[in-house]
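Quick notes on the structure that follows.
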Amino acid sequence: MNSSMILGAAGILAAAALAQAATGFGFSLLAVPLLGLVAGPVDAVVGSSVLACLINAVAVARDHGAVRWRTARTVLAAGLAGLPFGLLLLTVLPARSLTVLIAFCVLAGAAAIWRGLRIRGGRAAMLTSGFVSGLLTTATGVNGPPMAAAFSAMGLPPRQFRATLAAIFMVVGPLGVAGFVLAGQFTTRAGVIALAGLPAVVAGWWAGDRLFAQLTDPDLFRRVVLAALCVASLITLTRAATA
């Protein structure tokens, strides 16, 4: 990667971390499709997944008392089962198909959160959403939408929502990264993205945390972030169609 690509990746990751801190979600949804335009879909998934591990660890450290551990364990078991299937998709799908998959995942996740999609709660819903989330972790790096829908259906308060979600991905994320290494998907470019993006993520999180405290209308900012996600996915789809 040349210097302009590294700077572009750092800017994307800072914006994604800011969105995550200010709204409680959105890091992978925003980072993966835009990084894919700079570094390719596979390196975008792998590099951003490394940084997502850091974000989730920080979130759990700050709000560990709010984690619903019983729910986390149920979802985690299903998520771990989905990891190898997602890794298989990442290995066998051509780059163009993976780009389209990432774009549709972003669109589906943004639409579900925007429309307030609800699913029936219970163990079956937790297991299903956990498995799908685990699959998406290694296939696309975009793993939040199934959990966001499931936790919304359970009616978790915002603090428990964010903390429990982060606790699940704090375990699933590093295992996904290990899978990338074992499958030979952890390239030099992915490592550069992770290293160059680290200070950008720290800065973005710091700014987003302070922005959240100053927002007078958080719902408006949330709608702006979701609109940006839709634009990012449409750009990614256009790139795949013209490749």
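Under a hydrophobic clustering in which Ile, Leu, Val, Met, Phe, Trp and Tyr are joined whenever their side-chain heavy atoms come within less than 4.5 Å, directly or via other members, Val192 and Leu7 fall into different clusters. In terms of hydrophobic clustering, with Ile, Leu, Val, Met, Phe, Trp and Tyr side chains grouped at heavy-atom distances under 4.5 Å, Ile12 and Leu37 are assigned to a common cluster. Residues Val181 and Val50 fall within the same hydrophobic cluster, defined by Ile, Leu, Val, Met, Phe, Trp and Tyr side chains chained together at heavy-atom separations under 4.5 Å. Note on Val38: it clusters hydrophobically with Val46, by side-chain heavy-atom contacts below 4.5 Å among ILVMFWY residues. Both Phe85 and Val42 are part of a single hydrophobic cluster, where members link through side-chain heavy atoms under 4.5 Å apart.
Considering CG of Leu195 and CG of Leu51, their distance stands at 8.5 Å, rounded to 0.5 Å. Atoms CG and CG, on Leu18 and Leu13 in that order, are 12.5 Å from each other to the nearest 0.5 Å. From Leu76, atom CG reaches atom CE of Met170 across 10.0 Å, with rounding to the nearest 0.5 Å. To the nearest 0.5 angstrom, Met126 atom CE is 7.0 Å from Thr71 atom OG1. Atom CZ in Phe27 sits 8.5 Å away from atom CG in Leu54 (nearest 0.5 Å). Atoms CG and CG, on Leu175 and Leu182 in that order, are 10.5 Å from each other to the nearest 0.5 Å.
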Would you give me the side-chain donor-acceptor pairs under 3.5 Å for residues 161-169, sequence neighbours excluded?
from	atom 1	to	atom 2	distance (Å)
Thr164	OG1	Arg68	N	2.9
Thr164	OG1	Gln160	O	2.8

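Gly179 and Leu87 make their closest contact through O-CD2, 3.6 Å (heavy atoms, listed as atom of the first residue, atom of the second, distance). Listed here is the closest heavy atom pair of Thr138 and Gly176: CG2-CA, 3.8 Å. Shortest non-hydrogen contact noted between Arg159 and Ala66 is NH1-CB, 3.5 Å. Closest approach of Ala16 to Leu30, counting heavy atoms only: CA-CD2, 3.7 Å. Nearest heavy-atom pair, Thr74 versus Leu127, reported as atom, atom and distance to 0.1 Å: O-CD2, 3.8 Å. Annotation for Ala39 and Ile193: closest pair CB-CD1, 3.6 Å, computed over non-hydrogen atoms.
Side-chain atoms of Ser49 come within 3.5 Å of backbone atoms of Val45 as a donor-acceptor pair (strictly under, hydrogens ignored). Asn2 places a side-chain N or O within donor-acceptor distance of the main-chain N or O of Met5, the cut-off being under 3.5 Å. Counting only distance, with no hydrogens or angles, the side chain of Asn56 and the backbone of Ala52 share a donor-acceptor pair below 3.5 Å. Put simply, the side chain of Ser97 never gets that close to the backbone of Leu93: no donor and acceptor are under 3.5 Å apart. Not one N or O on the side chain of Gln185 forms a donor-acceptor pair closer than 3.5 Å with the backbone of Phe180.
Cys53 places a side-chain heavy atom less than 4.5 Å from the side chain of Val177. Residues Leu135 and Leu83 fail the side-chain proximity criterion, which asks for heavy atoms closer than 4.5 Å. Inter-residue side-chain proximity for Asp63 and Val67 is flagged as unmet; no heavy-atom pair is nearer than 4.5 Å.
For Ser3, there are no side-chain hydrogen bond (donor to acceptor under 3.5 Å, both in side chains) partners two or more places apart in sequence or in a different chain. Annotation: side-chain hydrogen bond (donor to acceptor under 3.5 Å, both in side chains) contacts of Thr187 (sequence neighbours excluded): Asp43.
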| Run the side-chain contact (heavy atoms from CB on, under 4.5 Å) check on Arg62 and Asp209 step by step: do they pass? | CA-CA 12 Å; Arg62 293 184 63 181; Asp209 199 37; 3.6 Å; yes

